[in-house]
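Atoms within each ligand, like the ligands themselves, are counted from 1 in listed order. Only this structure's heavy atoms are used, side chains among them; waters, hydrogens and symmetry mates stay out. Numbers for residues simply follow the sequence, beginning at 1.
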Amino acid sequence: MSLEDIMSTYSRTDLIFEFGQGSWLFTKDGKKILDFNSGIAVNALGHCHPHLVDCLQSQIKKLWHCSNLYRIESQELLASRLVASSFADSVFFCNSGAESVEAAIKVARRYSQTQNKNKKKYKIIVTTNAFHGRTLATISAGGQEKHLEGFYPAVDGFTRVEFGNISQLKENIDEETIAILVEPIQGEGGINKAADTYLREIREICNHRDLVLIFDEVQCGMGRSGRLFAHEMYNVFPDIMCLAKGLGGGFPVGACLATKKVSQHMTPGTHGSTFGGNPLAMTAANALLDIILSEGFLDNVNKSSRRLIDGLQRIIAKHQNVFLKLKGQGLMLGIKCIVPNSLIVDRLVEGGLLSVVAGDNVVRLLPPLNISYEEIDIAINIIDEVANRIEIDNVKK
Ligand SMILES: *Cc1c(COP(=O)(O)O)cnc(C)c1O
């Protein structure tokens, strides 16, 4: 066994987790760590939730994969549930966030090029600090130089404007523009919440100019914001939405949801995915929905969010040499730091709390959506202690 044998696309912390239980991870050498990373917003119900375990265990004895050349009941069920709980009329299933964004780009192009019988219409407006995945088209849409370096040429057709700047967006729309792609709450970019008016104005522009509005809710979707989908709190609805991360509760599932209007030209043969929508993945996502859609679940997410926000605000006010401010919504929170965010994340791991960095010198906190008050209080104490120690170290210097 050797880390050397893995292509080194990640710099890894030297921790090996042997198992997880609820909000906790246990290392091979017996260390217990509270998980406020959740596999980067993936383990929405923590680790090995009994309902997911039961559903997957019974499905694994029946059927894993059979291909989309045949009907898959669990896929039809999940699609119906997602359609019933959203603006959308149909769903394409894939296996990751990047694939769901790729699907969204294809649906938008197909709609515009078929409607207009014009191959020159393909430009999509994207924003600064965006993240949409690591395929060639999605690094081009994300536009971060650190993701593009060495991988040029970028995929053509993305026009970048400043996140939040509506007049710049308007100025950059031309005859070739077909769509606007934006995260309602930017995740990797540093937990940046779009302003109410921003998304509302974008929707109006899209209506007015017949542009397709795509929301990338890969990170902020599936209850993370305190609503099932983050755009609900803005009361602004897209034509296409990308989901993944939390959707399978830890199992790889991606989905691209769309209205009938924009997806009508996606006919047999226009897109596909061998693994997309397989029975195991669909079982995981259906089991996750059983819990997330159950009475009172999202209310509890909001109550937990309140408790975590109150605690974090107290600590941030107390340690003004370490932390600057709190950002985010629901259980998708970020602490903008004064000291380097990676230092905080490393110290938190030593103190027994897992978190993850984001852009803008932010430490991201993405606990399981079913986190308990007791666990929230433990996390707040660990963060407080880490900040205390950093302040003491700084005074000594
Ligand atoms: C993580 C993420 C993606 C990419 O998802 P992968 O499953 O890693 O391909 C896309 N968009 C957003 C907003 C994300 O947070």
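For F163 and Y198, the ring centers are positioned less than 6.0 Å apart. If you look at H47 and F19, their ring centroids are not closer than 6.0 Å.
Every residue was checked against the salt bridge (charged side-chain N to carboxylate O under 4.0 Å, His left out) condition with D54, not counting sequence neighbours, and none meets it. By the salt bridge (charged side-chain N to carboxylate O under 4.0 Å, His left out) test, D35 is found to be paired with no residue, residues two or more places apart in sequence or in another chain being considered.
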Sequence neighbours excluded and cut-off under 3.5 Å, please list the side-chain donor-acceptor pairs for residues 366-393, or say none.
residue : atom : partner : partner atom : Å
N370    : ND2  : L45     : O            : 3.3
S372    : OG   : E375    : N            : 3.1
S372    : OG   : E375    : OE1          : 3.2
E375    : OE1  : S23     : OG           : 3.0
E375    : OE1  : S372    : N            : 3.0
E375    : OE2  : W24     : NE1          : 3.0
D377    : OD1  : R307    : NE           : 3.0
D377    : OD2  : R307    : NE           : 3.4
D377    : OD2  : R307    : NH2          : 2.6
N381    : ND2  : D377    : O            : 3.4
D384    : OD1  : K318    : NZ           : 3.0
D384    : OD1  : H319    : NE2          : 2.6
D384    : OD2  : K318    : NZ           : 2.9
E391    : OE1  : H319    : ND1          : 2.9
E391    : OE2  : H319    : ND1          : 3.3
D393    : OD2  : R347    : NH1          : 3.4
D393    : OD2  : R347    : NH2          : 3.3

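Using a heavy-atom distance under 4.0 Å as the criterion, the protein contacts of ligand 1 are S96, G97, A98, F131, H132, G133, E183, D216, V218, Q219, K245.
In this model, a donor atom of one side chain and an acceptor atom of the other lie less than 3.5 Å apart for Q219 and R364.
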